[in-house]
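Accompanying notes for the structure given below.
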Number of protein chains: 2
Amino acid sequence: MKRTVYCGLVNETFLDKEVTLKGWVQKRRDLGNLIFIDLRDREGIVQLVFSQAFDEQALKIADELRSEYVIEVTGKVVNRSEDAINPKMITGKYEVEVHEIRLLNKAKTPPFYIENGISVADDLRLKYRYLDLRRPEMQQGLILRSKITQSIHRYLDENKFIDVETPYLTKSTPEGARDYLVPSRVYPGHFYALPQSPQLFKQLLMGAGFDRYYQVARCFRDEDLRGDRQPEFTQIDLETSFMTAEEIQDLTEGLLKRVMKETLDIDIELPLQRITWNESMNRFGSDKPDIRFDMELKDMADAVRDVDFKVFQNTLDNKGQVKAITVTGGADKYSRKDIDAKQDYIKRFGAKGLAWLKVTEEGFSGPVAKFFNDSVANVCEAAAAKVGDLILFVADNRDVVAASLGYLRTSIAKELDMIDENKFAFLWVVDWPLFEYSEDFHRYIAAHHPFTMPNEEDIALLDTDPHKAHAQSYDIVLNGYELGGGSIRIHQREVQEKMFKALGFTKESAEEQFGFFMDALDYGFPPHGGLAIGLDRFAMLLAKRDNIREVIAFPKNSKASEPLTNAPSPVAPKQLDELHLETTED
Amino acid sequence: MKRTVYCGLVNETFLDKEVTLKGWVQKRRDLGNLIFIDLRDREGIVQLVFSQAFDEQALKIADELRSEYVIEVTGKVVNRSEDAINPKMITGKYEVEVHEIRLLNKAKTPPFYIENGISVADDLRLKYRYLDLRRPEMQQGLILRSKITQSIHRYLDENKFIDVETPYLTKSTPEGARDYLVPSRVYPGHFYALPQSPQLFKQLLMGAGFDRYYQVARCFRDEDLRGDRQPEFTQIDLETSFMTAEEIQDLTEGLLKRVMKETLDIDIELPLQRITWNESMNRFGSDKPDIRFDMELKDMADAVRDVDFKVFQNTLDNKGQVKAITVTGGADKYSRKDIDAKQDYIKRFGAKGLAWLKVTEEGFSGPVAKFFNDSVANVCEAAAAKVGDLILFVADNRDVVAASLGYLRTSIAKELDMIDENKFAFLWVVDWPLFEYSEDFHRYIAAHHPFTMPNEEDIALLDTDPHKAHAQSYDIVLNGYELGGGSIRIHQREVQEKMFKALGFTKESAEEQFGFFMDALDYGFPPHGGLAIGLDRFAMLLAKRDNIREVIAFPKNSKASEPLTNAPSPVAPKQLDELHLETTED
């Protein structure tokens, strides 16, 4: 029999009608000659009733049903009696009087409950992922993710973007993160690499005149995993020709607005805020600020310049910064011990200490209050603090101040429940530095990637002070997460050569790795730029989950393995022979 | 300046208006104080005019333009004079009088012309793929491909399919084609495999209750390449629960109708023809028949049973077949030498000979005509032949007859131009054998894959005569190509175990490779089935190109390498060390 409707969608229009439903037994209640079954499918649950009055044989079969058995039933939709209505269920006003049932498959008892909010070890959930994914919150997360991509396909198609697939078997480029390699059988000692992103291919598509490209692209990075990293992840990847950074941002905003409307029915207001990287670091101590709450960083230099507090004096004398955040009503909420713990924490950012003042009716309190009690008005004004507030100071170089106060700002906001979890706060952070210093490599590396266009007026800096150059780049930030980023790219060979030189490439090494691309720039390459949005993170944030694994059907665990299929696994010696490989002992 | 419109879309609505255009110089004609430029972008070409009368500076710059230079121009759209109208150009009635121009980038002279129908070595086209892709036919192919996927996204979304991404780093399974392997850095001696298809994951998604899944999925096979094979290829992959084979076919037909309408504006009539595999082999000698023309295989057994021609007699006595195709009007078109060449060719299928008769006013002619001249009426009736036709006979076992006549049927249809190239003839071939004999493995293998459900009545055959079993499987065929295929899958552990046993697995080896999947079948797995369509081939056929490389942006060449980036390539020793690998000498 053909299904009439999904269980979760049984409604008034089916009242007094015959329906055929298919799904899983969620729950069985046996009242002797009356059996109730909650039948579940991807759209929800509906209550079935079995009784001798409807069908004796069906009642007998119902008696043998257990959780997760798969059945097909036919019956009549009726109203529940007034007192049996379940207002928490979407279908809670109805039930189905079953007169025909077919048992389609039996089920062993699952190792955990098929319901939301279970507390089960991650690897057990992954080993039985097909059961974990039956849980409504997991289904809803993946359905939401699918809605996001559908919305994106429609928007970009309407805006004349062409979906072009770029290769997954590509060339390894040591620049950047570690590649996953794929040995070639045909060419001994040669390897493909899985792409870290389709960056060069999408730029080549601009060189090929496609004008507007996009792709839902899988990307691969063989890095040590953190909470929200996976060996493979998905990017909404787009690129355009002949557009300015602002035009690309406008277009992206249209995309975000569309997605928010079509998935969560939320209207976001455009244009989005755009702030420079400098401003973002100054105001929020972060390049991906969460602007759902204030507590901005205040520059205290003027207010404390004349205060006889050595730490601040020395910092200011050495061209450092003294900045603060004000925790509104925080005086009561943080003990000296609490603050000491925070001080310990921010040492990882290089902070040497955390000065603090509580504002009382009588002035400041706290271990260093005495130094400031002559400047209460000034300090409070600069910090926008009032009685009952807590002011936290960090005095150090710009980077340490930003990292420390940026961290305090967000961690305190979470602790004090200052964040409206129903808010989706997007903003652009633009005009990034072109380079950043890498502690890993002990040299400047590209802040985005080596194909990012410097600001016009900074191109000359590539030869002299490259690390002072800023880029025509932009990140889109959502609720304190980097949702995506992009830039205008270099389209002229001379500039690209300067860029490689500034990154420490020799002429030869640049040629060897990227010669084919620089050659392409010689043949009429258009000005171009683009953007990539992290789909996993986007789906995670919209689904209000706290890990991207919750919106990926079959993720790897934190050790890059997959407990369901047991990937990775040893392979047959013949497979290695064919690839001209031997494994080494470690 | 922002672009007003694509060059190829300049039309009446822009007449007498200012437009800004951006694109590539296709051609320059210099008439001294008048310069004409054909400006090209992805939508087409428009003619620009430069003259002192419009702007002197612009004329000067135009004088220096060369092919493939990238420019931005602003000017007024005007009607061409009557005698200058080019009816072959979509924009041929207009030209743009340019008063402002910006040179955006220069270009070296390309190694081949940027135009359709060039005759250039494949590897040169691939090395300069970004130039090859500028050619209109290449752009149109990829744009058509994108339209196909857009259409598919919309249709499947409307039909409640959920787009779920399955992993690309999966477990290697030696069954089937050769896997591409990805060494693990974390687990020495362990490997991921790139998926040959998302088969098990999509079935697990059905186990997880998603009900309707689809994905535009990249698949990978490390096989020796043929004309229309690539190491990576793309499948429209879908799976449903609780549906019959016929329901899945109906749904797929809706998809095909939608795609044909939205991409080529062609209406196809539904339902499509559905024929069994047996019928297809009997009538067309092929499991993927091209039904754009007739020339079906005729069973000649009855008509020749009494003819004293040894070869046929012996064949029939040994339960072989005697079948023929009739080439309408073919008597004049094929000489004895032509037919001998065909006879040589079909020896590769095992045919021992090719008997033939030409039908003349006086009866049959040809080397064996004398045997048949008493049975002209019978033979002609059975072969549906008339005067002027050529009848080609093959007598052998069923497989050899089908392969030989199937080949002759299509090759002759091509030679005689019997195929309407504007026709798109879809059909279903259903009810396939469950197993086929593999010459490579010297045993029966799964005709589709080991998860295919036998026909209900054939399940018992799995224990006794597995190779006699037929499957609930179906292929969709377009113009003689296998466009896609699918089946109802096994959803019960007992049947799956029988299947593995019939395929020669021991209990242990089945458990080792597919234990996780058989475990999943224990937990309430729904009946399910699905289908996959080869997107590359679909796009190739709709674009009327003759190789899937023409509809793939960056394909590999016939040796699985990529001349543009030089993938695959050697990697740094450090990369291999990290992967616990050494390459071996060969």
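Computed from a predicted model, the values in this text were never measured in an experiment. Throughout, protein chains are lettered first and strands after them, A, B, ... in sequence-line order, and every chain is numbered starting at 1.
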Does the side chain of Pro568(B) come within less than 4.5 Å of Ser561(B)'s, by heavy atoms?
-> yes
Please determine which of Arg154(A), His153(A), Lys147(A) meets the side chain to side chain donor-acceptor pair (under 3.5 Å) test together with Asp157(B).
-> Arg154(A)
Chain B heavy atoms under 4.5 Å from Thr149(A): which part of the residue, side chain, backbone, both or neither?
-> side chain
Chain B contact via Pro527(A) - side chain, backbone, both or neither, heavy atoms under 4.5 Å | side chain
Lys/Arg cation over aromatic Tyr168(B): Arg218(A), 6.0 Å, 45° cone = yes
Within a strict 4.5 Å, meaning less than it, do heavy atoms of the Leu564(B) and Leu204(A) side chains meet?
-> yes
Would you call Lys574(B) and Glu578(B) a salt bridge, using N to O less than 4.0 angstrom?
-> yes
For chain B, the option from Val571(A), Val182(A), Asp211(A) that forms the most heavy-atom pairs under 4.5 Å | Asp211(A)
Applying a strict 4.5 Å limit to non-hydrogen atoms, the region of Tyr214(A) in contact with chain B is side chain
Contact part of Leu579(A) toward chain B, heavy-atom cut-off under 4.5 Å: side chain, backbone, both or neither?
-> side chain
Applying a strict 4.5 Å limit to non-hydrogen atoms, the region of Ala560(A) in contact with chain B is both
Pick from Gln139(A), Lys559(A), Glu68(A): which one has the most heavy-atom pairs with chain B under 4.5 Å?
-> Gln139(A)
Side chain / backbone / both / neither for Val186(A) at chain B, heavy atoms under 4.5 Å = side chain
Give, as side chain, backbone, both or neither, the part of Arg178(A) having an atom under 4.5 angstrom from any heavy atom of chain B.
-> side chain
Proximity breakdown for Tyr69(A) and chain B, heavy-atom pairs closer than 4.5 Å = neither
Any side-chain heavy-atom pair from Arg129(B) and Met138(B) closer than 4.5 angstrom?
-> yes
Taking C-beta and beyond as the side chain, do Arg145(B) and Thr234(B) meet within less than 4.5 Å on heavy atoms?
-> yes
